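Comments concern the structure below.
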Amino acid sequence: MSGTDPDRLLAQLDEQQRVVAESLLGPVCVLAGAGTGKTRAITHRIAYGVATGAYDPKRVMALTFTTRAAGELVGRLRALGAEGVSARTFHSAALRQLHYFWPTVVGGAPPRVLDGKGPLLGQAASTLRLGLDTAALRDAAAEIEWRKVQKLSLDDYARAAESRTMPAKLPVSAMVDLHRQYEAIKDERRQIDFEDVLLAMAGMLEVEPRVAEQVREQYRFFVVDEYQDVSPLQHDLLTLWLGGRRELCVVGDASQTIYSFAGASSDYLVRFGSEYPEATVVRLEDNYRSTEQIVTLANRLMRGRPGALTLRAAAAEGGPAPSVTAHADDAAEASAVAESIARRIADGAAPESIAVLFRINTQSIALEAALRRAGVPVLTRASSRYFDQPEVRQAIMLLRGAAISIGDEPLFKSVSDVLRGLGWRQDPPEGAGAERARWESLTALLGLAEEAPAGTTLAEFVRELQRRAEQQHAPARSAVTLATLHAAKGLEWETVYIVGLSEGTVPITFASSLEAIDEERRLFYVGITRARRSLELSWAQRPSASRAERAPSRFLDEVRAPGQPPVGVTGGVSRRGAARR
C-alpha cells in the first residue's frame, strides 16, 4: 500500500469521477465527453487502486495512442503517488515485449524496425515499373497500414480495395502486386514495419504458451485511453494480453472518433457492454472546459448520433454566444480573423490563449500571412509545416531556377508552367491522401501568385516565398496557434476560431458516403469543444480570385438555435457582423 491517503484522492473528484475511481475490479467502460476530466478520473482510479493495495503498480499497464499522452499519464500518476505504473502506446508496449522474447523464442537479434515505408515501397514500385511519385508512395504506405490493422490478407484486401480509391488511380491488381513486392523485399532484408510489431507480438502470444503466461503474469490490470481509436489489430492484441481475464478499464468518446480512415473503430467502445455484459459503465458528461453556450452548440451538432453523450456545462462563468460570420472570399475571411485576434490581444488577451483551426494544411497560408500583417505572432501546429513539405521545397527550388532564365512572362503563367512540370493539373485527384494534399499544396502556391501585386516579377515572388519560409521557422514564443482540426485534438484554448466552414471543405469534397460525412461532423465537434470561453465560426462565399460560389457547411444549419433563419439567407449571417446563436 502506498503512502497516499485514499480518501484524499477521492475527495478531489466529482460524483461520477468518483464512481470511476472506486470501480477497481472487473470490466469498466468510461464514456467520457469532451472536457469532462477523463484523464483525471483514470489517473485517480489507478492511484486509488495502488493506495488501497488493490493494485501492484508494476502490474498495471496504461495504454495510449501517443507518446505525449503516455508521458502525461506517467507525470500525473507520479504526482498522485502511483510510481511504477507502465504507460505506453500499443506499439511501444508490443515492441518492448518483442525485443525481450525474440532471442529465446525465435533466436538471434530481432528484426530491425523500419523508420518509414517510403524507401522500400519506392524500390518495390521501381521493380514493378509503376513510376509512383512521393505523394503516391505515401498513399500506398497508408493502404498497407490500413490493410494490416484491419487484419486482411492480400486476397481479402484485393476484394475490399474494389470500393477504395487507389493511389495514382492504379488498378487494384497493381496495388496488390505492390504490397506483395514490398513484403518480399522487407522479409529478404529481415526488417519489419510498425504494424508488423503488433502482428508479430499477437502471433507470439497465440502460439507460445510460455510467452503468454509471462506477459499475463507481469500485467494484470489494463487501462486503455481513447478507446474509440482502437483498430481491430490493437483490439485483438489487447485481448491476447488479457488472456481471458476481465480486469480492463476503457475510456473514450464515440463523438471524437476522427481516425476511421486509418482503421480506427468506435464499435469496440460502443459495444463494450455486449462484449462484457457484467461491465460497469460510467458516463462523464459534466463539462468543466467550456461555457454553456459552447456546450449547447456542441450538443446540437451531435444530437441523435450513435454513442453521443449529452454534455452539461459545469463551469460557473458564462461567456459570449458563439458566432457565425460570412465573408466575401478567403482573403477577406483571413483578414477579418486577423483583425479580430489583434483586437483581442490589444485588449489584454494572451496570444497563446487563442487558436485558429481549419480542415486542411493549405488554409494556413492566407491565415498566417494575414496574422503577420496584423503584427500577431503565430505558431503553426498543422500536421506538417507548409514550407517543410517536400513538394513545396521542390517547387520553390525550381521557381528560383526559372527566375534566372524566364523573361518578362506574366507571373501567374510562369508559376503555372513550373508547377505543371511537377505534375500539377487543374483538376484535383480523386479521394483523400497524400496525392490530394500534394495537389492542394501546389495549388496554394499558384493562389499566392494570383494574389501577388500587379507587376510582381518571378524573382520578387521567389524572394517573398523565401521570406515566408524563414518567418515560419522563427523561435517558439507566445503566439496564436494555427492548427488543423485533427492536430487540435487533445488541446484547448480560451478562444477558438474555426474557419473555412463551407461545403467542400467541412465536410471535405471527397467525403461522399454517410460514414465519411459523419466523420467530418465529429471532426467539427472536436474543434468546437476545444474552446473554453469564446467560439467564432466563419465561412467564405467564394475562393480568393475566383467567382465560383460556395455554400455554407451543412453543419452550420444543424447548430443554429431554434427560430434562427438558415445560414446563408438574409438575416442568417452578415458579412462584417456575426449572427449570435
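All values derive from a computational prediction rather than experimental measurement. These values consider heavy atoms only, across backbone and side chains, with no hydrogens, waters or symmetry-generated copies.
- Pairs passing the salt bridge (charged side-chain N to carboxylate O under 4.0 Å, His left out) check and including a residue from residues 86-109, sequence neighbours excluded, do not occur.
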Evaluate the side-chain contact (heavy atoms from CB on, under 4.5 Å) criterion for residues Gln256 and Met302: first the C-alpha distance (whole Å), next the side-chain angles of each, then the deciding distance (0.1 Å), finally the verdict. CA-CA 10 Å; Gln256 296 188 68; Met302 299 308 296; over 6 Å; no
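- Residue-environment remark: OH (Tyr276) exceeds the threshold of 12 foreign heavy atoms within 6.0 Å.
- Every residue two or more places apart in sequence or in another chain was checked for a side-chain hydrogen bond (donor to acceptor under 3.5 Å, both in side chains) with Asp187, and none qualifies.
- Listed by chain and number, the residues in a salt bridge (charged side-chain N to carboxylate O under 4.0 Å, His left out) with Arg532 are Glu492, Glu494 (sequence neighbours excluded).
- Side-chain contact between Ile498 and Val506: absent, with no pair of heavy atoms (C-beta onward) separated by less than 4.5 Å.
- In this structure, Gln97 and Tyr219 have side chains that are in contact, with non-hydrogen atoms separated by less than 4.5 Å.
- In this structure, Gln363 contributes its side chain and Ile360 its backbone to a donor-acceptor pair below 3.5 Å.
- Between the Arg18 side chain and the Leu13 main chain, no donor and acceptor come within less than 3.5 Å of each other.
- Remark: side-chain polar atoms of Arg216 are not paired, donor with acceptor, to backbone N or O of Gly244 under 3.5 angstrom.
- Side chains of Trp241 and Phe222 form a contact here, defined as non-hydrogen atoms less than 4.5 Å apart.
- The side-chain hydrogen bond (donor to acceptor under 3.5 Å, both in side chains) test applied to Thr280 returns no partner, not counting sequence neighbours.
- A salt bridge (charged side-chain N to carboxylate O under 4.0 Å, His left out) check over residues 304-314, counting only residues at least two apart or in different chains, returns the pairs Glu285-Arg312, Asp286-Arg312, Arg305-Asp518.
- Using a distance-only test at 3.5 Å, with no hydrogens or angles considered, no donor-acceptor pair links the side chain of Asp229 to the main chain of Ala264.
- Judged by distance alone, with hydrogens and angles left aside, the side-chain atoms of Asp225 form no donor-acceptor pair with the main-chain N or O of Ala62 at under 3.5 Å.
- One distance of note links NZ of Lys489 with OG1 of Thr484; it measures 12.5 Å at 0.5 Å rounding.
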side-chain contact (heavy atoms from CB on, under 4.5 Å) for Lys148 and Asp193? Distances and angles first, verdict last. CA-CA 10 Å; Lys148 290 186 176 186; Asp193 57 32; 2.8 Å; yes
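- Inter-residue side-chain proximity for Asp177 and Leu130 is flagged as unmet; no heavy-atom pair is nearer than 4.5 Å.
- Two residues are said to be in side-chain contact when any heavy atoms from C-beta on lie closer than 4.5 Å; Arg220 and Met61 fail this criterion.
- Nearest heavy-atom pair, Leu485 versus Val526, reported as atom, atom and distance to 0.1 Å: O-CG1, 4.2 Å.
- Residue pairs that meet the salt bridge (charged side-chain N to carboxylate O under 4.0 Å, His left out) test with at least one member in residues 46-71, sequence neighbours left out, are Arg59-Glu217.
- At least one donor-acceptor pair closer than 3.5 Å links the side chain of Glu519 to the backbone N or O of Ser260.
- A donor-acceptor contact shorter than 3.5 Å is absent between the side chain of Arg521 and the backbone of Phe555.
- The heavy-atom pair separating Leu523 from His486 by the smallest distance is CD2-CE1, 3.5 Å.
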Stepwise side-chain contact (heavy atoms from CB on, under 4.5 Å) test for Val30 and Tyr227: CA-CA 10 Å; Val30 184; Tyr227 198 61; over 6 Å; no
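- Distance alone, capped at 3.5 Å, is enough to place a donor-acceptor pair between the Arg45 side chain and the Leu24 backbone.
- Pairing each heavy atom of Pro119 with each of Gly116, the nearest pair is CD-O, 3.9 Å.
- With respect to Glu183 and Lys186, a salt bridge is recorded, a charged nitrogen being found less than 4.0 Å from a carboxylate O.
- In this structure the side chain of Leu178 reaches within 4.5 angstrom of the side chain of Leu132, judged on heavy atoms.
- The aromatic rings of Tyr268 and His235 sit parallel to each other, their planes meeting at less than 30°, with 60° as the upper class boundary.
- Judged purely by distance below 3.5 Å, without hydrogens or angles, the side chains of Glu143 and Tyr157 pair a donor atom with an acceptor atom.
- More than 12 non-hydrogen atoms from other residues, nucleotides or ligands lie less than 6.0 angstrom from CZ of Arg393.
- Counting non-hydrogen atoms of other residues, nucleotides and ligands closer than 6.0 Å to CZ of Phe261 gives a total above 12.
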Report the C-alpha separation of His44 and Gln12 in whole Å, then their side-chain angles, then the decisive distance to 0.1 Å, and conclude whether the side-chain hydrogen bond (donor to acceptor under 3.5 Å, both in side chains) test is met. CA-CA 9 Å; His44 278 71; Gln12 298 169 2; 2.6 Å; yes
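- Remark: the backbone N or O of Ser255 is not paired with any side-chain donor or acceptor of Gln228 at under 3.5 angstrom.
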Pair Glu558-Arg303, salt bridge (Lys or Arg N to Asp or Glu O under 4.0 Å): steps then yes or no: CA-CA 9 Å; Glu558 293 185 22; Arg303 185 187 296 117; over 6 Å; no
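- Looking at every heavy atom in both residues, Ile508 comes nearest to Glu520 through N-OE1, 3.0 Å.
- In Arg245, the CZ atom is crowded: over 12 heavy atoms of neighbouring residues, nucleotides or ligands sit closer than 6.0 Å.
- Taking both residues in full, the closest heavy atoms of Glu275 and Arg246 are given as O-NH2, 3.9 Å, listed atom of the first, atom of the second, then distance.
- Between Gln234 and Leu198, the closest side-chain pair of non-hydrogen atoms falls below 4.5 Å.
- Classified by interplanar angle (parallel below 30°, tilted 30° to 60°, perpendicular above 60°), the ring pair Tyr55/Phe221 is tilted.
- A 4.5 Å side-chain heavy-atom check between Leu237 and Leu205 finds at least one atom pair inside the cut-off.
- Counting heavy atoms of neighbouring residues, nucleotides and ligands inside a 6.0 Å radius, atom CD of Glu15 does not exceed 12 of them.
- Considering every non-hydrogen atom in both Gly33 and Leu309, the closest pair reads N-CD1, 3.3 Å.
- The OG1 atom of Thr43 lies 9.5 Å from the CD atom of Gln17; values are rounded to the nearest 0.5 Å.
- Between Arg438 atom CZ and Asp139 atom CG the span is 11.0 Å, to the nearest 0.5 Å.
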Take Glu391 and Thr134 through the side-chain contact (heavy atoms from CB on, under 4.5 Å) test and state the conclusion after the steps. CA-CA 9 Å; Glu391 59 270 20; Thr134 303; over 6 Å; no
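- Checked by atom type and distance alone, the side chain of Thr66 pairs as donor or acceptor with a backbone atom of Ala69 at under 3.5 Å.
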